[in-house]
Amino acid sequence: MSLPSANATSHPGSLTSIHDISLDGITRLLALTDRLVAEPHRERVKHLDGRKVALLFYESSTRTRTSFELAAKSLGAMTTLVSDKSSSIEKGESLHDTGVTLRALGAECIILRSNYSGAPEVLARSTGLPVLNAGDGMHEHPSQALLDLRTMLTRLGLSQQLTPTTMAGKTVVITGDIRHSRVARSNAILLPKLGARVIFCGPTELCPKEALDISHGVEIERDFEKALRQADVAMMLRIQRERLAGLDIDSAEYIAGYQLNEQRLRAHAPKALVMHPGPMVRGLEIDSAAADGPQSAIEEQVAHGLAVRMALLHRALLGEANA
Amino acid sequence: MSAILLRGGRVIDPTSGANDFADVLLENGVIREVNYTTRSGELDAFAADMGAEVLDCTGCIVAPGIIDAHVHLREPGQTHKETIATGTQSAVAGGVTTVVAMPNTTPVTDSVALLQFVQSVQRDPSARVLAMPAATVGSMGGELTDYAALAEAGAIGFTDDGKPVLADEVMKHALIAAAKLALPISQHAEDTRMTVGASMNFGPVAFRLGLRGMPIEAESSIVERDIRLLEEIERETKLRPHLHVQHVSTGKALAAIRDAKSRGLHVTCEVAPHHIAFTDEAIAGDAAQRSRRYDTHFKMNPPLRSRAEVDACIAAVLDGTVDIIATDHAPHAHHEKNVEFERAPNGITGLETSLGASLRILHREHGMGLVDVLALMTSAPAEKLHLPRLGYDVGRIQTGAFADVMVFDVAAEWTYDVRTTRSKSRNTPFDGAPMLGKVKFTLVHGEVKYRA
């Protein structure tokens, strides 16, 4: 007797981990994104006309929630938001039961954000519905990795026909709270598949050596300036104070060692693309000059997010064949 | 009480080293005669006179029933997971004739009345139920329970299993109080200050999955501390305390135990089959281990470790550092395990897979002698837990011993199917796993409690 593999019970439209989608799948997804973006609103709203999408948010979020919600509505879907502050979640209802309830109410796709790593797997197994992971604990944020990718491809002038060498010769430096970052994990799994070098940068407490194991093509560099000098992309991460749990990070020391500021950027990476998944803590991991300067793609990332999430919802509800 | 003749099997009795064909006659709950013979049948007439039932053991091993030193029966208070009746039915299906019940029930077994409840025949146990009540009141790690009264009522040791006795002074007093009664303190070795919010082994897999990890030092530092306490007590008093370390899962803790033993300290330890069967890669979803990503059937405490730690555990079993195999059978209902990994309770069932997994891994895959594997599960737990001295003549197939016997086909290769379980819960990582050696009969107190 053999059990199904990791995701055999999951709906093919699910995206719980960036592992779940192949390079070909991403290529098709990016092409779909382009098509959807180019369509006039009147046409676009027909795709998911009348379909029901539930947003299940156990953790507060502005950008990801709004992005998914607007993406769904842009395609004509009805959305409902369930958040921990206003639902039975607060009364201790299990994720399984909440998911089954949403399905019974007609939800055809659930977008889940959770404090718990792996929560989307539970929901996907419980409901059989397509589940889109909008961030699970310290695990992954696959839609973020896809929007980051679209941003990089656009700004670096690379082809969207993805191959294992699409990003060969490119180095992405991810700096900051790697330990607690689902964005770092999803990006570090995806980018090496395209041939990119990923350098994790940060102090040991935030960037442990265990991180090296996440994917081939990942390196660790403690010296931020040395890392920056190699960077085609400098992706900065927020220090997640809420997750530090016992770790004591001295802000002044961190700023001195790892803040991306105008002076550092000019001296060590005058051409690198500056990215940040948000929310930013200005003055800590990044200064305003770097965040708002000409090298920054931070605002564009948000726009790419909406676009990519339209395609993910299209894929979830209308199937891979139509993607 | 009726008589039973176990006819035509090969008797393995680790205590005497016997390993030969024999017919075994059981009467009134004890072993009446063990007749080693090349030609089965010399006891037939005798057995017929007694009206004995004859069980055909041809092609099977007749061995002492398994004694599992670490079992959660969940009664009182958590009977939706397991009861003493269902837990012991599961036990006998796995060849287990004696279980040692852990005290983390609801309420915690920390009084004579609760201990008597657990030991009561009214709970309809299929196997012998011995118990280790709590080492501290409510297992809160503070005030010691009444060791003398509990021992008088049948306690075979004391433990706060599920959590450690963390405070040095409390642990020292516990070891001293237990030593005065010549009973062990059984320790769940985990420095919980190092495992806050952690749900699996610390390392690359935990990083990949975004789960907080338990470092191996959380286990080894408590073992090292407890060993220091043993030395202190031996130095300061005339007592010789007995520390039993539960479910050891790290090479570092095993090294400390090995060293303590070499220095003559009274330390014993157990390893669970799942800690030598699986690695922490299973939690990442591993086809070879038949797991799914974030599979809560692979969540237990101590957690599954890296390959290196698993190898260290196997080496420690082979070199004799590990005294006994115990399952830490910990049933949980489906709805309790069907949650986010970090929220799921720790623990898996194990009574029905203990023999099959241990024989496969230790005997088949690592060449450990059959007698030696059986010793770890039968005679050794009897001896290390002082059961004969406490009035339980179990763990041997010899005239006069309790008739607690398992009969199994050592050559049978089979696959565990959890749908057949007799436990109330199905939280096992061994579903679909290959097993070696299948139980055919289990007899407790001379009665057949399980028939395949």
Side-chain angles (χ1 to χ4, degrees), chain A residues 1-10 16-17 19-20 58 92-100 112 114-126 135-141 178-186 188-189 200 207-215 218 243 245-246, chain B residues 193-213 215 280-299 306 333-344 414-420 428-435:
Chain A
M1 192 168 90
S2 68
L3 280 176
S5 63
N7 249 4
T9 50
S10 268
T16 61
S17 162
H19 283 297
D20 295 347
Y58 286 73
E93 184 173 70
S94 71
L95 180 59
H96 170 93
D97 288 346
T98 302
V100 168
L112 175 69
S114 170
N115 276 316
Y116 295 107
S117 300
E121 312 274 349
V122 177
L123 189 66
R125 285 201 289 267
S126 293
D136 62 329
M138 306 188 295
H139 177 224
E140 280 209 47
H141 199 345
I178 311 282
R179 184 191 286 273
H180 301 106
S181 175
R182 48 204 178 202
V183 177
R185 283 175 179 77
S186 286
I189 294 165
F200 280 154
C207 179
K209 65 178 187 332
E210 287 73 31
L212 280 177
D213 184 67
I214 196 155
S215 180
V218 173
R243 290 189 208 271
Chain B
R193 292 163 297 201
M194 297 165 77
T195 58
V196 177
S199 55
M200 68 172 291
N201 181 46
F202 178 86
V205 185
F207 181 86
R208 230 152 71 207
L209 294 173
L211 296 170
R212 293 183 196 276
D280 59 357
E281 289 284 353
I283 297 160
D286 180 9
Q289 303 189 63
R290 293 170 308 280
S291 67
R292 301 189 293 199
R293 280 204 300 247
Y294 298 100
D295 196 330
T296 57
H297 288 168
F298 292 78
K299 183 181 179 187
S306 67
H334 175 72
H335 73 269
E336 295 167 321
K337 278 286 197 181
N338 187 27
V339 296
E340 299 91 328
F341 193 85
E342 290 159 276
R343 302 180 82 181
W414 58 291
T415 297
Y416 183 62
D417 179 350
V418 73
R419 289 171 300 182
T420 66
T428 173
F430 286 104
D431 190 28
M435 300 276 141

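In the text below, chain A, chain B and the rest are named by the order of the sequence lines, each starting its count at 1. None of the values given here were measured: they were computed from a predicted structure.
Heavy atoms closer than 4.5 Å to chain B are found nowhere in A:P120, neither backbone nor side chain. Neither the backbone nor the side chain of A:S215 has a heavy atom closer than 4.5 Å to any heavy atom of chain B. For A:L212, no part sits under 4.5 Å from any heavy atom of chain B, backbone or side chain.
Because its NZ or CZ atom is not both nearer than 6.0 Å to the ring centre of B:Y294 and within 45° of the ring axis, A:R125 does not count as a cation-pi partner of that residue.
Inspection of the B:R293 and A:T16 side chains reveals an N or O donor paired with an N or O acceptor under 3.5 Å.
With values rounded to the nearest 0.5 angstrom, B:F341 atom CZ is found 13.5 Å from A:D136 atom CG. Rounded to the nearest 0.5 angstrom, A:D213 CG and B:F207 CZ are separated by 9.5 Å. From B:R208, atom CZ reaches atom OG of A:S17 across 10.5 Å, with rounding to the nearest 0.5 Å. A distance of 11.0 Å separates NE2 in A:H139 from CD in B:E342, rounded to the nearest 0.5 Å. If you take CG on B:L211 and OG on A:S117, they are separated by 5.0 Å, rounding to the nearest 0.5 Å.
Between chain A and the residues B:V205, B:V196, B:L209, B:T296, the largest count of heavy-atom pairs under 4.5 Å involves B:L209. Interface check for chain B: of the options A:L95, A:I189, A:L123, the most heavy-atom pairs under 4.5 Å are formed by A:L95.
The side-chain heavy atoms of A:H180 and B:R212, taken from C-beta on, include a pair separated by under 4.5 Å.
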